Amino acid sequence: MKQEIAFIQSEELKVKPKADSLGFGKYYSDYMFVMDYHSEKGWYEPRITPYEQLILDPAAMVFHYGQAIFEGLKAYKTADGTIQLFRPEKNMKRFNESCDRLCIPQIDENFLLKAIKELILIEKDWIPEGDGTSLYIRPFIFATEPYLGVRPSHQYKLLVILSPVGAYYGDQLSPVKIYVEEQYVRAVIGGVGHVKTAGNYAASMKAQEVAEAKGFAQILWLDAKENKYVEEVGSMNIFFKIKGEVVTPKLNGSILSGVTRDSVIQLLKHWNIPVREEKISIEEVFAAHERGDLEEVFGSGTAAVISPVGELNWNDRSIEINHQKIGQLSQRVYDEITGIQLGKKEDPFNWIIKVAQV
Ligand code: COI
């Protein structure tokens with residue numbers, strides 16, 4: 001895609017929030033990237049505009065049939081003022097996989113990455129610098145054609161918005177309590193669980209609400225067919241350290257292929273720590289705990305980074321993991337990944353893409 005990205009200047013800029021009040025996804029920067037699609041024109045009019053409300057037709061297909069997908073990645077500012085991204089090409093690729101599954105036209109991955117870099121440069125002062133903070137980048141696409149028949153839309157909007165964020169769960173490294181869900185399911189093989197559709201998250205909310213009312217931070221989903229094998233947590237992939245070896249559920253077509261998940265696996269291999277991607281049942285996890293072999297459990301995700309799990313509740317049985325404290329390996333993985341993201345540690349994998357030095 002060779003198109004120039006237009007820039008429309010904002011008349012007024014917002015007051016930026018303080019780094020210690022960020023939380024997750026509460027504030028939005030001054031500008032956003034927008035691009036439209038029409039089946040007769042392809043993607044057109046890429047532009048960076050002031051962050052503003054959208055006007056949509058009530059018959060826009062996204063409201064009725066849910067063609068909506070998104071991505072999540074982050075920009076970081078290092079101590080020497082370098083602005084950098086972590087493996088953004090993986091997000092671009094997965095974005096297109098989500099497009100494909102929901103019959104949304106493909107995007108030019110290089111062009112979108114270029115647009116994101118331009119947006120970040122304009123918004124560089126929105127990248128927070130406090131500990132554990134970053135600028136969350138949310139690209140998303142939805143169907144805009146006004147039409148009520150069920151078929152893929154002929155028109156779409158792609159936007160990228162930016163949000164300065166801190167930890168996803170209150171305190172980044174405080175272990176979270178997780179409820180193993182037995183009644184509801186998240187995704188089935190052949191469905192859309194392996195891609196980032198808005199509907200996956202809509203379908204998860206009922207169970208999440210019930211779990212929260214019982215005092216849990218998140219749901220651990222089991223496979224939809226046998227209600228037996230561990231899949232993923234609401235906003236992250238999951239890892240178990242059992243007797244010195246790390247196990248994470250194998251990607252099976254209903255589990256999201258997380259960028260942080262892949263990074264954790266590569267890191268563990270690099271450190272010669274045994275790591276296996278395989279089917280693991282919740283019974284095996286509880287049995288490992290019974291034997292005293294379940295050493296650590298942690299989740300991984302762009303928003304969540306590395307989030308230790310302190311308690312799992314399944315079938316009215318609760319197990320406590322590592323005395324509700326972050327485990328050594330979880331801490332090491334967290335330190336390494338955030339160290340690479342913030343330019344404090346070497347990047348032997350070439351994961352970092354530098355955007356600019358400011
Ligand atoms: C992310 O980790 O970026 C996600 O997309 C999870 C999100 C639902 C908060």
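All residue numbers refer to positions in the sequence shown, counting from 1. Note that the structure is a prediction, hence the values are computed from the model and not measured. Counting starts at 1 for both ligands and their atoms, in listed order.
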Next on the checklist: Tell me which one of Ile48, Val34, Ile120, Ile137 satisfies side-chain contact (heavy atoms from CB on, under 4.5 Å) with Val160.
Outcome noted: Ile137
Item to check | Nearest non-hydrogen partners of Tyr136 and Glu71, listed with the distance | outcome: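 Taking Tyr136 first and Glu71 second, the nearest heavy atoms are OH-O, 4.3 Å.
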Quick one: which ligand 1 atoms are inside 4.0 Å of a heavy atom on [X]?
X      : result
Phe70  : 5 (O)
Gly72  : 3 (O)
Tyr136 : 1 (C), 3 (O), 4 (C), 5 (O)
Tyr201 : 8 (C)
Tyr168 : 9 (C)

Next on the checklist: Once you restrict to heavy atoms under 4.0 Å, what part of Met236 touches ligand 1? Side chain, backbone, both or neither.
Outcome noted: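 Neither part.
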Does [Y] have [X] sitting over its ring (NZ/CZ under 6.0 Å from centre, angle to axis within 45°)?
X      : Y      : answer
Lys177 : Phe216 : yes
Lys114 : Phe111 : no
Arg138 : Phe140 : no

Checklist entry - If we only count N/O pairs under 3.5 Å, is Lys196 in contact with ligand 1? => result yes
Next on the checklist: Evaluate Ala303 for polar contact with ligand 1, using N/O atom pairs at a separation under 3.5 Å.
Outcome noted: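 Indeed, backbone or side chain, Ala303 has an N or O that close.
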Next on the checklist: Quick test: of every protein heavy atom, which one is nearest to atom 7 (C) of ligand 1, and how far off is it to 0.1 Å?
Outcome noted: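 Going by distance alone, atom 7 (C) of ligand 1 is nearest to Arg138 NH2, 4.0 Å.
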Next on the checklist: For Trp43 and Tyr156, take the angle between the two ring planes, folded into 0 to 90°, and tell me which bin it lands in: parallel under 30, tilted 30 to 60, perpendicular over 60.
Outcome noted: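 Trp43 vs Tyr156 ring planes: tilted.
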Residues 350-358, side-chain donor-acceptor partners within the protein, below 3.5 Å, at least two apart:
| unit_1 | atom_1 | unit_2 | atom_2 | d |
| --- | --- | --- | --- | --- |
| Gln357 | OE1 | Thr82 | OG1 | 3.3 |
| Gln357 | NE2 | Asp80 | O | 2.6 |

